[in-house]
Amino acid sequence: RSLEGKLRIGLAEQSVLVSLSHAIALSDPRTKLSEDKCGTALDEAVRTVKQVYSELPTYDEIVPALLKHGVKALPDHCKLRPGIPLKPMLAHPTKSLTEVLNRFENMAFTCEFKYDGERAQIHLLESGDVKIYSRNSEDLSVKYPDIMQRLPKIIGPGVTSFVMDSEAVAWDREQKCILPFQVLSGRKRKDVAAEDVKVQVCVFGFDLLYLNGETLTHKSLVERRVLLHTNFNHVEGEFAFAKHMDGSSVEQIQTFLEESVTGNCEGLMVKTLEQEASYEPSKRSRNWLKLKKDYLDGVGDSLDLVVVGGFTGKGKRTGWYGGYLLACYDPDREEYQTICKIGTGFSEEALAQQAEQFKELIADGPKSYYQYGDSPNVRPDVWFEPKIVRLVL
DNA sequence: GTTGTCTGCCCC
DNA sequence: ATTCTGC
DNA sequence: GCAGAATGGGCAGACAAC
């Protein structure tokens, strides 16, 4: 966990990679370090190690290769390979179509449906083994035996190995339509047999990162997409290509966005096609933008809610409230019904100021007319008098 | 066995 | 996931 | 803009309690 940077001590993955790169570069006699070029050489080493790690995120292979061959030769020994999940490319959120058009002015770009499911990175190894990985590189192979089983139908002739980026989405076989994420999350995760799968899924492929021994990440999206479409088969209700539209006018995109929402999708992904259109593992790249319907202005309702409790903060929020319990007043029943917790969107200043504000409203316990659940995570550490109303977006 | 509580290199 | 902060 | 660390709802699984 130390190496993987998951200790929450202010030293996480990227800092570990920098440290490892520096340590190797500084101790390797092959790296000649003159005073003025030392900084540049270190930066170069970090760049190389990060690049390699993003494609083959396994210290078991990188560290021995570094020790044996040094930083410069590392990319020759550690390459993207089916069977090892690479860190998926992520998208930047945008709040309006204007923002998208602004970013991609004078560039070729494409819009894709943003499917509301689970990221699935599908690997076919030369050995014939199939593996499916989650967004966080968890092995989902056991969860999706149905996908494993149907793969032969999907793979085109001559394909011996590949890595595909896709979204697994809950699918209604009767209505032939996409079901919400909530349905998908009801699927079993362990000891799943393909025969008794209750929640069916359709896989929507949207990128191809490796094919028949060749890494495709440096190719442009338009090239990768051609390879995806020519080497895989659409299979009704089982595998489809993410729906896309390459038009660039406001009207075309607006229509496509509405179409995606009608089709039970979250909105659109907008991606560069030719320039700056490589696949950047692990990066939240500005070359991929997500335009979700609930980000858009005027979409989504706001509520007036009453703050009825506070949760003591942890870590850097120690000393004040890290989150609050909110309730909605029901005039018929004359009671406050707790509805959600809120813990983001507060600056440290607001957090401190609010702690002060609620100090005078601390109650001995929950009011008789508060209604809340049994679960401890909706039992705040401190209950408040129902005085403060907040507009929640 | 059945019920309840809590956790997760969880999913979003 | 979203959001804020220090660099 | 990056990296990191706060925090949300909701699920199946795991395990403790009965």
Side-chain angles (χ1 to χ4, degrees), chain A residues 1-19 43 46-47 50 53-54 57-59 85 87-88 90-95 103 114-121 132-140 142-144 167-170 179-192 197-199 201 265-267 280 282-287 290 292 294-295 300 305 310-326 338-352 354 373-381 392-393:
Chain A
R1 286 186 62 127
S2 300
L3 269 183
E4 290 178 341
K6 287 177 175 162
L7 291 178
R8 300 247 168 170
I9 52 173
L11 189 154
E13 191 177 61
Q14 300 306 312
S15 304
V16 173
L17 286 168
V18 170
S19 306
D43 287 347
V46 170
R47 229 176 51 78
K50 281 192 177 183
Y53 183 82
S54 72
T58 156
Y59 288 116
K87 307 277 174 167
L90 305 171
H92 261 297
T94 55
K95 289 190 163 63
R103 162 74 184 103
K114 186 181 190 307
Y115 295 92
D116 191 9
E118 179 173 26
R119 193 86 175 251
Q121 195 180 87
I132 302 176
Y133 298 100
S134 77
R135 172 200 154 102
N136 292 316
S137 304
E138 293 292 319
D139 191 338
L140 297 182
V142 175
K143 179 177 175 182
Y144 290 114
E167 192 83 5
V169 183
L179 296 167
F181 174 78
Q182 193 165 320
V183 174
L184 178 70
S185 63
R187 255 185 85 114
K188 277 186 54 165
R189 295 167 188 168
K190 303 199 166 172
D191 302 319
V192 184
V197 165
K198 300 228 167 48
V199 178
V201 294
C265 286
E266 281 190 293
E280 305 174 84
S282 83
K283 289 252 167 50
R284 193 171 289 283
S285 169
R286 293 183 66 234
N287 300 332
K290 55 178 167 183
K292 285 172 64 166
D294 38 309
Y295 298 156
L305 299 178
F311 298 87
T312 54
K314 294 172 183 172
K316 61 186 180 186
R317 293 196 179 178
T318 302
W320 48 69
Y321 299 114
Y324 297 93
L325 182 64
L326 285 283
T338 58
I339 181 170
C340 67
K341 298 202 288 182
I342 290 187
T344 60
F346 301 121
S347 66
E348 289 190 358
E349 190 188 1
L351 247 17
Q354 284 165 173
D374 298 322
S375 175
N377 62 337
V378 297
R379 305 293 189 99
D381 300 306
V392 180
L393 298 177

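Order of the sequence lines fixes the chain letters, A, B, ..., with proteins taken first and strands second; residue numbering starts at 1 for each chain. In this text the structure is predicted, and so the values were computed from the model without any measurement.
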Which residue lies more 5' along DNA chain D, comparing A/Lys314 with A/Gln182 via nearest heavy atoms = A/Lys314

message = Counting the atoms with a prime plus P, OP1 and OP2 as sugar-phosphate, which does A/Asn136 contact under 4.0 Å by heavy atoms, base, sugar-phosphate, or nothing?
response = sugar-phosphate

request  = Looking only at side-chain atoms of A/Glu138, point me to the closest of D/dG13, D/dG9, B/dC11.
outcome  = B/dC11

request  = Looking at every strand, decide which applies to A/Phe311 at a 4.0 Å heavy-atom threshold: base, sugar-phosphate, or nothing.
outcome  = nothing

message = Need one value for A/Ser137: base, sugar-phosphate or nothing, where a base atom within 4.0 Å counts as base even if backbone is also close, heavy atoms only.
response = nothing

ask   = Across the strands shown, which category fits A/Lys283 at heavy-atom distances under 4.0 angstrom: base, sugar-phosphate, nothing?
value = nothing

ask   = Separation of A/Arg379 atom CZ from B/dG4 atom C1', in whole Å?
value = 14 Å

Minimum-distance nucleotide to A/Arg317 side chain [options: D/dA3, C/dT2, D/dT7] = D/dT7

query = Tell me: CG of A/Asp374 to P of B/dT5, nearest whole Å?
reply = 7 Å

inquiry  = If you only use heavy atoms from C-beta on, which nucleotide in D/dG1, C/dT5, C/dT3 is closest to the side chain of A/Glu348?
reply    = C/dT5

note = Closest heavy-atom pair, A/Val169 versus A/Leu179, reported as atoms and distance to 0.1 Å, is CG1-O, 4.1 Å

ask   = With sugar-phosphate meaning primed atoms plus P, OP1 and OP2, does A/Ile339 contact a base, only sugar-phosphate, or nothing at under 4.0 Å between heavy atoms?
value = nothing

query = Nearest-Å distance, CG (A/Asn377) to P (D/dC11)?
reply = 13 Å

ask   = Distance between the C1' atoms of B/dC9 and D/dA16, in whole angstroms?
value = 24 Å

request  = Could you check whether A/Lys290 gets within reach of a base, just the sugar-phosphate, or nothing at all, counting any heavy atom under 4.0 Å?
outcome  = sugar-phosphate

ask   = Side chain of A/Ala12: nearest nucleotide among D/dG13, D/dG4, B/dC11?
value = D/dG4

inquiry  = With salt bridge (Lys or Arg N to Asp or Glu O under 4.0 Å) as the criterion, how do A/Glu13 and A/Lys87 come out once you've worked through the C-alpha distance, each side chain's angles and the decisive distance to 0.1 Å?
reply    = CA-CA 12 Å; A/Glu13 191 177 61; A/Lys87 307 277 174 167; 3.1 Å; yes

ask   = Of the nucleotides B/dC12, D/dA12, C/dT2, which one has an atom closest to the side chain of A/Phe181?
value = B/dC12

Minimum heavy-atom distance A/Tyr115-A/Glu266, with the two atoms named = O-OE1, 4.0 Å

ask   = Can you tell which of B/dC11, C/dT5, D/dG13 lies closest to the side chain of A/Ser347?
value = C/dT5

inquiry  = Nearest 0.5 angstrom please: A/Arg317 CZ to A/Thr312 OG1, how far?
reply    = 12.0 Å

inquiry  = Considering every strand and a 4.0 Å limit on heavy-atom distances, what is the contact class for A/Pro93: base, sugar-phosphate, or nothing?
reply    = nothing

ask   = What about A/Arg284: does its side chain form a donor-acceptor pair under 3.5 Å with the base of D/dC2?
value = no

request  = Send over the distance from A/Lys50 NZ to D/dC2 P, rounded to a whole Å.
outcome  = 10 Å

inquiry  = Within the 4.0 Å heavy-atom criterion, would you say A/Leu90 contacts the bases, only the backbone, or no part of the nucleic acid?
reply    = nothing

ask   = Choosing from D/dG1, D/dC2, D/dG4, which nucleotide comes nearest the side chain of A/Arg286?
value = D/dG1

note = Exactly one of A/Val192, A/Ile132, A/Val197 clears side-chain contact (heavy atoms from CB on, under 4.5 Å) with A/Tyr144, and that residue is A/Ile132

query = If you look at every strand shown and take non-hydrogen atoms under 4.0 Å, does A/Ser15 touch a base, only sugar-phosphate, or nothing?
reply = sugar-phosphate

Proximity to the side chain of A/Lys341 - top-ranked nucleotide from C/dT2, D/dG13, D/dG8 = D/dG8

request  = Would you indicate what A/Gly186 reaches in the nucleic acid, counting non-hydrogen atoms under 4.0 angstrom: base, sugar-phosphate, or nothing?
outcome  = sugar-phosphate

task = For A/Glu118 and D/dC11, give me the distance from atom CD to atom P, rounded to whole Å.
result = 15 Å

inquiry  = Quick check for you: among B/dC12, B/dC11, D/dA12, whose closest atom lies nearest to any side-chain atom of A/Leu140?
reply    = B/dC11

inquiry  = Heavy atoms from C-beta onward define the side chain here; which of D/dG9, D/dG13, C/dT3 lies closest to that of A/Lys190?
reply    = D/dG13

inquiry  = Between B/dG8 and D/dG10, how many Å separate the two C1' atoms, rounded to a whole number?
reply    = 12 Å

message = Can you tell me how far apart OG (A/Ser134) and CD (A/Glu118) are? Round to the nearest 0.5 Å.
response = 6.5 Å

query = If we call it a pair only when both distances are under 3.5 Å in a Watson-Crick or G-U wobble match, what pairs with D/dG8?
reply = B/dC12

